[in-house]
Number of protein chains: 2
Amino acid sequence: MKLTEKTIVAALRRNGYKATPQRRAVIRAIANSIDHLTPADIYDRIHLDHPGIGLVTVYRTLEVLATLNLVCELHTGTNCPSYTLSIPQHHHHLVCSDCGKVVDFTGHNLTELEERLARESGFRINNHILEFTGCCRTCQEMPGTASAAR
Amino acid sequence: MKLTEKTIVAALRRNGYKATPQRRAVIRAIANSIDHLTPADIYDRIHLDHPGIGLVTVYRTLEVLATLNLVCELHTGTNCPSYTLSIPQHHHHLVCSDCGKVVDFTGHNLTELEERLARESGFRINNHILEFTGCCRTCQEMPGTASAAR
DNA sequence: ACTGTAATTGATAATCATTTTCATTTAGTG
DNA sequence: CACTAAATGAAAATGATTATCAATTACAGT
Ligand SMILES: [Mn+2]
Ligand SMILES: [Mn+2]
Ligand SMILES: [Zn+2]
Ligand SMILES: [Zn+2]
């Protein structure tokens, strides 16, 4: 499913959530960004056009979107997750722990494992996180950095 | 490699870190627990025997252990990670987003994917996180819960 | 065993992220 | 157009993590 503002709004309504202008603004901010955005990032971006929207509403909207699996949560080394839409397709991440650079990758399917785990554990599984962390090429070539050593 | 207090202390020294009694206490607390522990959990446990050790030192010790890949970090739905030793073997997680229950599982090897990604991206990869989230059997049977529905 | 030194610690405060509360507003239904 | 449950914003409370800095200590070298 292609995730646009329109389809997301439809998904909200279908699940009994209201499609408020605040939520639309959050959705648009995420949809228009290539990068993963933290709640504060999102707030900053929409604050320009919509000074009335509070950071709390950003948090609340992200919570709803996460519940509906419409956003993909990224846990970088920082103590604050960031988000993108789960498009154009489900993907996973490669994170540089030095500079924070994030590379998305696709093509690794976990549904088989997911089914096995669901069968064996009795869990109903509805999401997963797969993240590799390391040091990107640029940071490797940067001398003096801790991880550039050895 | 079997991770005991002894081998961990050796790993610390080998990497130029001092093996202080504070760090040993943290290591022991993690090693003696089956469950994943948050920094605060660890602090509570060692505080009984070692009232002098501060929470800050727990954080600092975890940082070192994480750098050396001696602990396995778990990101549950809460806004606070928890830790176990990376033993008896490297493992991954299944987390119930309702009650927080965590099931470890092994037997899924990601080294092939890791090598492919390293080759294609130029990253030097040194760790990864794989976590499935869902609803455990107990919570599914609990009526009234949000996730028990549908 | 003794010394010197850089690493480590603890206390405290500062910062940052997230959640709670509650009165007010509003989307969507009929 | 009116009704009502859901959603919002402001503010404060809470919780997690990090920064600072003076005092302590592990351990390498003698
Ligand atoms: Mn994924
Ligand atoms: Mn793992
Ligand atoms: Zn980098
Ligand atoms: Zn559960």
Side-chain angles (χ1 to χ4, degrees), chain A residues 5-6 8-29 36-44 46-47 49-68 71 73-83 97 100 146, chain B residues 5-6 8-27 29 36-44 46-68 71 73-83 97 100 146:
Chain A
E5 181 182 349
K6 200 172 187 179
I8 295 177
V9 164
L12 285 177
R13 293 228 176 86
R14 191 175 342 118
N15 288 274
Y17 295 99
K18 294 181 179 176
T20 66
Q22 292 91 337
R23 284 175 176 164
R24 284 165 184 271
V26 171
I27 292 163
R28 245 177 280 123
H36 293 70
L37 302 178
T38 64
D41 288 338
I42 296 170
Y43 173 78
D44 289 342
I46 62 186
H47 191 259
D49 286 338
H50 311 268
I53 301 181
L55 179 56
V56 200
T57 296
V58 176
Y59 274 96
R60 288 190 280 225
T61 301
L62 287 172
E63 194 183 0
V64 172
L65 295 177
T67 301
L68 301 180
V71 284
E73 204 170 318
L74 170 68
H75 297 259
T76 61
T78 76
N79 51 2
C80 168
S82 53
Y83 301 83
S97 44
Chain B
E5 180 181 351
K6 201 174 187 178
I8 295 177
V9 163
L12 285 177
R13 293 228 176 85
R14 191 177 339 118
N15 288 275
Y17 295 99
K18 294 181 178 176
T20 66
Q22 291 90 339
R23 284 175 175 163
R24 284 165 185 272
V26 171
I27 292 164
H36 294 70
L37 302 178
T38 64
D41 288 337
I42 296 170
Y43 173 78
D44 290 342
I46 63 185
H47 192 260
L48 300 169
D49 286 337
H50 310 268
I53 302 181
L55 178 57
V56 198
T57 296
V58 175
Y59 273 96
R60 289 190 280 226
T61 301
L62 287 172
E63 194 184 359
V64 172
L65 295 176
T67 301
L68 301 179
V71 284
E73 205 169 318
L74 171 68
H75 297 258
T76 61
T78 77
N79 52 359
C80 167
S82 53
Y83 301 84
S97 45

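Naming: A, B, ... by sequence-line order, numbering from 1 per chain.
Partners of Ala66(B) under the side chain to side chain contact (heavy atoms under 4.5 Å, CB included) rule, at least two apart in sequence or in another chain, are Val71(B). In this structure Asn15(A) satisfies the side chain to side chain contact (heavy atoms under 4.5 Å, CB included) test together with Tyr17(A), Leu68(A), sequence neighbours excluded. Among residues two or more places apart in sequence or in another chain, the salt bridge (charged side-chain N to carboxylate O under 4.0 Å, His left out) test is passed with Glu5(B) by Arg24(B), Arg28(B). With sequence neighbours excluded, no residue satisfies ring pair (Phe, Tyr, Trp, His ring centres under 6.0 Å) with His50(A). Taking Thr57(B) as the reference, Gln22(B), Ile53(B), Arg60(B), Thr61(B) meet the side chain to side chain contact (heavy atoms under 4.5 Å, CB included) condition, with sequence neighbours excluded. Residues passing the ring pair (Phe, Tyr, Trp, His ring centres under 6.0 Å) test with Tyr43(A) are His47(A), sequence neighbours excluded. For Thr38(B), the side chain to side chain donor-acceptor pair (under 3.5 Å) partners two or more places apart in sequence, or in a different chain, are Asp41(B).
Of all heavy-atom pairs spanning Ala29(B) and Ile42(B), the tightest one is CB-CG2, 4.1 Å. Closest heavy-atom contact between Pro39(A) and Val58(A): O-CG1, 3.6 Å. Smallest separation of non-hydrogen atoms from Lys18(A) and Leu12(A): O-CD1, 4.3 Å.
Protein chain B touches strand DNA chain C; the 5'-most and 3'-most nucleotides with an atom under 4.0 angstrom of its non-hydrogen atoms are dA6(C) to dT18(C).
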Would you give a per-nucleotide map of nucleotides 15-30 of chain D, 5' to 3', where B means the base has a protein non-hydrogen atom under 4.0 Å away, S means only the sugar-phosphate does, and - means neither? -SS-BB-----BS---

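Within the helix from dA1(C)-dT30(D) to dG30(C)-dC1(D), the inter-axis angle between the opening and closing five-pair segments is 50°, rounded to 10°.
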